[in-house]
J.: 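One structure coming up, written as structure tokens, with questions to follow.
Any value given below was found using the heavy atoms of this structure, including those in side chains, with hydrogens, waters and symmetry copies removed. Remember, it's a predicted structure, so these values are computed and weren't measured experimentally. Chain A is the first sequence line, chain B the second, and so forth, proteins listed ahead of strands; every chain is numbered from 1.
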Amino acid sequence: MRAAVCFPHFQLPKCQFHTLSGSWREKIHNISTKRSTIYNLQGGNGNTNSRRWTRKSLSTNTEGIGKNILSRQNNNIGQQITDVTTFTHTNLNTSRVEINEFKSIHLEEKISENKDESKLVTVIVFDIETTGFSRENERIIEIALQDLSGGVESTFESLVNPDKFVPNEHIHGISNYMVKQPGVPRMKDLIPILIDYVKSRQKPGGKLLLIAHNGKSFDVPFLINEFSRYSCEIPSDWEFADSMSLAREIMKVQGSKLSSKSLQALKEYYGIQITGKAHRAMADVNVLALVLQRMTCDLKLTVPGLLENYAFRASELSNNSKKKKSSR
DNA sequence: GGCCCTCTTTAGGGCCTT
């Protein structure tokens, strides 16, 4: 049984305006001055204990992308304002005054609740590149994250030394030479840095929502395996969502116009033009960030709605996996 | 491997991720 996307109609336009588009607007505001955080190990001769972590901030030329987002965003906000107006008029024209007064109060409360909740949610889009599909036998060789709130150091990316041969350079362009460079960390060194980075983006008392495309089947289980390989666990307050679930909803809502739920198909469907090699982690993250914006707008989906209807925790996947293994 | 769909649920096949 699929979890239905259920949003009371009266919540949709205003909540979206106050939550998601607010987030995107902030991103747009900051994107032209976006700085990336790239981690590297410095110094030492192969002994990680003698080396130290440094953070390099890089200015990113995203002016064109920013303009692109801004243009689309203005259209979306305009549509949302129209929707709100339509809703309001519809209700004012009914004769059941008492019910409308109740709805009005309820609506304001809901908007306020959603606005407050959204402000406390850090939405991070992420992607990994690996040496292959098997989480048991393959390894992560690149990871990238982007906090959709924007701001300084809103992105994080790093190559990862997998300590094994990289057989699929033709897919992502990441070679053995690249991951074997002295400054490229191994996963066991990167995990605490990654946890610290995500924590640094979390608002006081706020929630974390990490989103990846096909994340439920691929990225999150892969991360779980990599963490457990070094006796670490995904922090229990990390919540995840799989953007492919939204793509399925888009396919159902909008019929055959979206022919596939792949990231590439979504990119083409929304006419997103970003230069950069596909299947590099940050390039895919940039695409997903924009695709996610469009999908949530199309589905009139708020951040609280994302959390309520699509979020899952790593422990749920771990438990499911254990149950299935034990039942075999 | 997980999810979804269907010619289904006591199953099988296709899609998506690198």
J.: Taking the C1' atom in each of B:dG14 and B:dC7, what is the distance between them to the nearest angstrom?
T.: 14 Å
J.: Atom pairs under 3.5 Å, N or O on each side, protein against nucleotides 14-17 of chain B: can you list them with distances?
T.:
| residue | atom | partner | partner atom | Å |
| --- | --- | --- | --- | --- |
| B:dC16 | OP1 | A:Ser260 | OG | 2.0 |
| B:dC16 | OP1 | A:Lys261 | N | 3.0 |
| B:dC16 | OP1 | A:Ser262 | N | 3.4 |
| B:dC16 | O2 | A:Asn214 | ND2 | 3.0 |
| B:dT17 | OP1 | A:Leu263 | N | 2.8 |
| B:dT17 | O4' | A:Asn214 | ND2 | 2.8 |

J.: Expressed in angstrom and rounded to an integer, what is the separation of A:Ile174 atom CD1 from B:dT18 atom C1'?
T.: 10 Å
J.: Within this structure, what is the CG-to-C1' distance between A:Leu223 and B:dG1, rounded to whole angstrom?
T.: 15 Å
J.: Is it true that A:Tyr270 and A:Asp298 share a donor-acceptor pair across their side chains at a distance under 3.5 Å?
T.: yes
J.: Find out if a path of hydrophobic residues (ILVMFWY) with successive side-chain heavy-atom gaps under 4.5 Å connects A:Val160 to A:Ile224.
T.: yes
J.: What integer distance in Å separates A:Asn225:CG from B:dG1:P?
T.: 11 Å
J.: Does A:Lys164 come within less than 4.0 Å of A:Glu138, counting only side-chain N to carboxylate O?
T.: yes
J.: Expressed in whole Å, how much space separates the P atoms belonging to B:dG13 and B:dT18?
T.: 26 Å
J.: So for atom NZ, which belongs to A:Lys199, do other residues, nucleotides or ligands contribute more than 12 heavy atoms lying within a distance under 6.0 Å?
T.: no
J.: Roughly how many Å apart are B:dT8 and B:dG2, using the P atom of each and rounding to a whole number?
T.: 24 Å
J.: For B:dT17 and B:dG12, measure between their P atoms and round to the nearest Å.
T.: 26 Å
J.: To the nearest Å, give me how far apart NZ (A:Lys252) and P (B:dC4) are.
T.: 8 Å
J.: Give the C-alpha distance, both sets of side-chain angles, the deciding distance and a yes or no for salt bridge (Lys or Arg N to Asp or Glu O under 4.0 Å) between A:Glu142 and A:Arg280.
T.: CA-CA 8 Å; A:Glu142 188 176 46; A:Arg280 283 303 298 265; 2.7 Å; yes
J.: Tell me: CD1 of A:Ile250 to C1' of B:dC4, nearest whole Å?
T.: 17 Å
J.: Can you tell me how far P of B:dC3 sits from CD of A:Glu316, to the nearest Å?
T.: 11 Å
J.: Between A:Glu129 and A:Ile143, is any pair of side-chain heavy atoms under 4.5 Å apart?
T.: no
